[in-house]
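Here is the structure we will look at.
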Amino acid sequence: MSVVTINVAAQDLLVEQAPLDKQMSLVDSISLRRMLLNEAHLFPSQELYPEWSNAKLHYDTQRPDSFRIDLTSFVMPTTNTKITDIFGYRPRRRRVHNGIDIKVQIGDTIRSAFDGKVRVVKNQGRRKGYGKYVVIRHENGLETVYGHLSKWLVTEGQYVKAGEPIGLGGNTGRSTGSHLHFETLFMGKALDPALMFDFVNQDVTSDYYVYRKPVRKTIDKKTGAVKTESAESMYHKVRSGDTLSKISKRYGVSLSKLYKLNGMNSRSKLRIGQSIKYN
């Protein structure tokens, strides 16, 4: 009986030539398996998002007119079902609530809703915002936000599976009692989680959710013609040679409006890839 051995270099060659599902079965090294998995998910939803950065919790980018989001591989982030605050404008606090609040106890396990990669793990402090929070970008195009945690169980850049523990429930940040603040974002746009998640029945509302860009209709007073335009903010992605003056002329927007929309002034410098809001 002869024994065939394959050296490390030969194994690496086999791995490189095989598709991912076969690559995993060809290797017996745990570290190599982890490396392959991480390489396969370097940039989830890279066909939608212009960059991968942990600099901000929220950021805006230009969205397609419509996009179908697959919800079939979901896992509820918590088994608790009591909603303590809903999505939308809250008159008593005079601000918009970008997610929903679910009652949890300190130390309750919070899980990733879908497969994805952890983009942000940060603490906004004792009196500000989300306290300890996690943002995960998913393969289906969504990002989910988990706020007011007492403890993180993941690190930035880590790939997680649906249902994997990512933190423990808490009362950190601007919070009046232990709860999970849960957001669903599509390319920076906050969507009502209740449109996708039914927490009472611990299920999703449908296998798919279709995002459609809202539109605004105006009527030309002279001609009576109906003009349809996006009701969302529009952005210009900075390219080599762009200046604020050029962007101003291209979109017919005054420099003063560009400054105001983007928190800039005449001394501000542009960087390639930067998104500039123009309406």
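Using a 4.5 Å cut-off on side-chain heavy atoms (C-beta onward), Thr155 and Val121 make no contact. Pro64 places a side-chain heavy atom less than 4.5 Å from the side chain of Met187. The closest side-chain heavy-atom distance from Leu270 to Ile247 is below 4.5 Å. Taking 4.5 Å as the limit, every side-chain heavy atom of Thr78 sits out of range of all side-chain heavy atoms of Phe182. Side-chain contact check for Asp85 versus Ile100: every heavy-atom pair is 4.5 Å or farther apart. Contact of the Lys213 side chain with the Asp65 side chain is registered, since non-hydrogen atoms from C-beta on lie closer than 4.5 Å.
Under a 3.5 Å cut-off, the side chain of Thr172 and the backbone N or O of Gly131 do not form any donor-acceptor pair. Not a single donor-acceptor pair under 3.5 Å links the side chain of Asn262 to the backbone N or O of Met264. Side-chain N or O atoms of Lys246 include one that pairs as donor or acceptor with a backbone N or O of Gly241 at under 3.5 Å. The backbone N or O of Ile86 sits less than 3.5 Å from a side-chain atom of His97, completing a donor-acceptor pair. One N or O on the side chain of Ser254 and one on the backbone of Lys257 form a donor-acceptor pair closer than 3.5 Å. In this structure, the side chain of Asn80 does not engage the main chain of Lys82 through any donor-acceptor pair within 3.5 Å. Under the 3.5 Å distance criterion, the side-chain polar atoms of Asp198 are matched with a main-chain donor or acceptor of Val200. Counting only distance, with no hydrogens or angles, the side chain of Ser112 and the backbone of Gly163 share no donor-acceptor pair below 3.5 Å. The main-chain N or O of Val104 is found under 3.5 Å from a side-chain atom of Ser178 such that the two form a donor-acceptor pair. Asn171 places a side-chain N or O within donor-acceptor distance of the main-chain N or O of Gly177, the cut-off being under 3.5 Å.
With rounding to the nearest 0.5 angstrom, the CD1 atom of Ile272 is 4.5 Å from the OG atom of Ser240. Distance check, rounded to the nearest 0.5 Å: CG of Leu149 to CD1 of Ile166 gives 5.5 Å. If you take CD on Glu164 and OG1 on Thr109, they are separated by 12.0 Å, rounding to the nearest 0.5 Å. Arg68 CZ to Asn140 CG: the interatomic distance, rounded to the nearest 0.5 Å, is 11.5 Å. Here the straight-line distance linking atom CG of Asp101 with atom CD of Glu183 works out to 9.5 Å at 0.5 Å rounding. Of the inter-residue distances, the one linking Lys189 atom NZ with Thr184 atom OG1 reads 11.5 Å to the nearest 0.5 angstrom.
Through chains of ILVMFWY side-chain contacts below 4.5 Å, Tyr130 is grouped with Leu57, Val120, Tyr133, Val135, Val145, Leu185. Grouped by direct or indirect side-chain proximity (heavy atoms under 4.5 Å, Ile/Leu/Val/Met/Phe/Trp/Tyr only), Leu153 sits with Leu168.
Contacts of Asp242 classified as salt bridge (Lys or Arg N to Asp or Glu O under 4.0 Å), with partners at least two apart in sequence or in another chain: none. Remark: Glu143 engages Arg119, Arg137 in a salt bridge (Lys or Arg N to Asp or Glu O under 4.0 Å) (not counting sequence neighbours). Remark: Phe186 pairs with Phe67, Tyr211 by the ring-ring contact (aromatic ring centres under 6.0 Å, His included) rule, at least two apart or across chains. Residues meeting the salt bridge (Lys or Arg N to Asp or Glu O under 4.0 Å) test with Arg111, sequence neighbours left out: none.
Under the 3.5 Å distance criterion, with hydrogens and angles disregarded, a donor-acceptor pair is assigned to the side chains of Glu156 and Asn54. Using modelled atom types and a 3.5 Å distance limit, the side chains of His138 and Thr144 yield a donor-acceptor pair. Side-chain contact, Thr243 with Ser245: no donor N or O sits under 3.5 Å from an acceptor N or O.
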Inset, instruction - Please test Lys56 against Lys122 for side-chain contact (heavy atoms from CB on, under 4.5 Å), starting from the C-alpha separation and ending with a verdict. - result: CA-CA 10 Å; Lys56 299 179 182 177; Lys122 288 186 178 176; over 6 Å; no
Inset, instruction - Could you give me the CA-CA distance, side-chain angles and deciding distance for Phe199 and Met76, then say whether side-chain contact (heavy atoms from CB on, under 4.5 Å) is met? - result: CA-CA 8 Å; Phe199 279 90; Met76 301 300 288; 3.6 Å; yes
Inset, instruction - Carefully, step by step, assess Ile83 and Ile102 under the rule side-chain contact (heavy atoms from CB on, under 4.5 Å). - result: CA-CA 5 Å; Ile83 304 299; Ile102 308 127; 3.8 Å; yes
Inset, instruction - Carefully, step by step, assess Tyr208 and Leu71 under the rule side-chain contact (heavy atoms from CB on, under 4.5 Å). - result: CA-CA 5 Å; Tyr208 299 93; Leu71 304 177; 5.8 Å; no
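Taking the six-membered ring for Trp and thresholds of 30 and 60 degrees, Phe197 and Phe74 have ring planes more than 60 degrees apart, a perpendicular arrangement.
Linking Ile, Leu, Val, Met, Phe, Trp and Tyr whenever their side-chain heavy atoms come within less than 4.5 Å leaves Ile106 and Leu180 in two separate clusters.
Closest approach of Gly107 to Ser150, counting heavy atoms only: N-OG, 4.1 Å. For the residue pair Gln202 and Thr79, the shortest heavy atom distance occurs at OE1-CA, 3.3 Å. Heavy atoms only, all atoms of each residue included: Asp70 and Phe114 are closest at O-CE2, 4.2 Å. Here the shortest heavy-atom pairing between Thr205 and Leu195 reads OG1-O, 2.7 Å. Minimum interatomic distance between Phe87 and Pro193 (heavy atoms only, all atoms of both residues): CD1-CD, 4.0 Å. Residues Ala113 and Ala162 share a closest heavy-atom pair of O-CB, 4.0 Å.
Annotation: cation-pi pair Lys117/Trp52 present, NZ/CZ under 6.0 Å from the ring centroid and within 45° of its normal.
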